[in-house]
Amino acid sequence: MSSTTPKTGLAGRMREWMKAQSRPFTKRDVYLGLGIDDPADRSTLRNAVPDFERRGEIILQPPDKRNRRQNINRYRYNHAWKGGKAGSLKPRIFKAMYVSGTFAATDLQRLTDLDRSWIDKTVRRLRRSGHLAIVGRRLCAHGAGAEALYHVTDRDKFRLEVMR
């Protein structure tokens, strides 16, 4: 989610309403059930439903054979769905830093298979807090330019305060 988009609690309200349904429901049923009248909010709700489906939180039901002209997607809530593990990315980065000793951001990217911007943001935050120090530079793998090499300043403090 973008940092400029405020959270409205719509997903939580949708989740609670969908959990309470015993029969298949449509997107229209959801916004009528939640009492959403604003066309912009209805559009936001319609756009959020595919996210629920992609996560496996709701399941698309096969079309009803009794009505051949039916062209409406009906969903059912998946009560066996478990949410993702919260905060699983930062521990991967922290462990890669701790194990590596001296490293560059590209090394962390290769070890964790995460997006470079996320790694850069984490490294920057840890540098400001004093947990990491720049110890040198090396040529980039592509040959143009140099990248900073970092080192964990105090491994015990890093493990206690950052890795928890």
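Note that the numbering runs from 1 along the sequence shown for the chain. All values reported here derive from a predicted model rather than from experimental measurement. Note: hydrogens, waters and symmetry copies are ignored here, and every other heavy atom, side chains too, is used.
Between the CD1 atom of Ile119 and the CZ atom of Arg124 there is a distance of 12.0 Å, given to the nearest 0.5 Å. The distance from atom CG of Leu89 to atom CG of Asp113, rounded to the nearest 0.5 Å, is 11.5 Å. To the nearest 0.5 angstrom, Leu60 atom CG is 5.0 Å from Glu53 atom CD. In this structure, the separation between CG on Leu45 and CD1 on Ile36 is 5.0 Å, given to the nearest 0.5 Å. Distance check, rounded to the nearest 0.5 Å: NZ of Lys19 to NE2 of His79 gives 8.5 Å. Asp156 contributes atom CG, which lies 11.0 Å from atom CD of Glu161 (distance to the nearest 0.5 angstrom).
Remark: Arg76 CZ is packed, more than 12 non-hydrogen atoms of other residues, nucleotides or ligands lying under 6.0 Å away. In Arg23, the CZ atom is not crowded: 12 or fewer heavy atoms of neighbouring residues, nucleotides or ligands sit closer than 6.0 Å. Counting non-hydrogen atoms of neighbouring residues, nucleotides and ligands closer than 6.0 angstrom, the CZ atom of Arg125 exceeds 12 such neighbours.
A pairwise comparison of heavy atoms in Gly130 and Thr153 identifies O-OG1, 3.1 Å as the closest pair. The two atoms that bring Pro24 and Arg74 nearest to each other are CB-CB, 4.1 Å, heavy atoms only.
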* **CA sep, side-chain torsions, deciding dist, call: Asn73, Lys27, side chain to side chain contact (heavy atoms under 4.5 Å, CB included)** => CA-CA 8 Å; Asn73 289 337; Lys27 294 175 186 178; 5.5 Å; no

* Step by step, would you call Leu132 with Val152 a side chain to side chain contact (heavy atoms under 4.5 Å, CB included)? -> CA-CA 5 Å; Leu132 296 179; Val152 176; 3.9 Å; yes

* To do: Step by step, work out the side chain to side chain contact (heavy atoms under 4.5 Å, CB included) result for Tyr150 and Thr102.
  => CA-CA 6 Å; Tyr150 301 96; Thr102 301; over 6 Å; no

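Between Asp51 and Arg54 the shortest side-chain heavy-atom distance falls below 4.5 Å. At least one side-chain heavy atom of Thr106 sits under 4.5 Å from a side-chain heavy atom of Arg138. Considering only heavy atoms from C-beta on, Met97 stays 4.5 Å or farther from Val162 through its side chain. Annotation: side chain of Asp154 is not in contact with side chain of His131 (no heavy-atom distance under 4.5 Å). For the pair Met18/Phe52, a side-chain contact is recorded, criterion being any heavy-atom separation below 4.5 Å from C-beta on.
Note: the hydrophobic cluster containing Ile59 does not contain Val30 (ILVMFWY, side chain heavy atoms under 4.5 Å, direct or indirect links).
Listed by chain and residue number, Arg15, Arg55, Tyr77 satisfy the side-chain hydrogen bond (donor to acceptor under 3.5 Å, both in side chains) test with Glu57 (two or more places apart in sequence, or in another chain). Here Asn78 pairs with nothing under the side-chain hydrogen bond (donor to acceptor under 3.5 Å, both in side chains) rule; sequence neighbours left out. Listed by chain and residue number, Ala96, Ser100 satisfy the side chain to side chain contact (heavy atoms under 4.5 Å, CB included) test with Leu111 (two or more places apart in sequence, or in another chain). Taking Arg116 as the reference, Asp120 meet the salt bridge (Lys or Arg N to Asp or Glu O under 4.0 Å) condition, with sequence neighbours excluded.
A donor-acceptor contact shorter than 3.5 Å links the side chain of Arg92 to the backbone of Thr112. Looking only at distances, a side-chain donor or acceptor of Thr122 sits under 3.5 Å from a matching main-chain atom of Trp118. Of the possible donor and acceptor atoms, one in the side chain of Arg155 sits under 3.5 Å from a partner among the backbone N and O of Tyr98.
Other members of the cluster containing Val135 are Leu149, with ILVMFWY side chains joined at under 4.5 Å, either directly or via other members.
Sequence neighbours left out, the pairs with a member in residues 14-46 that pass ring pair (Phe, Tyr, Trp, His ring centres under 6.0 Å) are Trp17-Phe25.
The closest side-chain donor-acceptor pair between Asp29 and Thr26 falls under 3.5 angstrom.
Between Asp107 and Arg110, at least one side-chain N (NZ, or NE/NH1/NH2) sits under 4.0 Å from a carboxylate O, which counts as a salt bridge.
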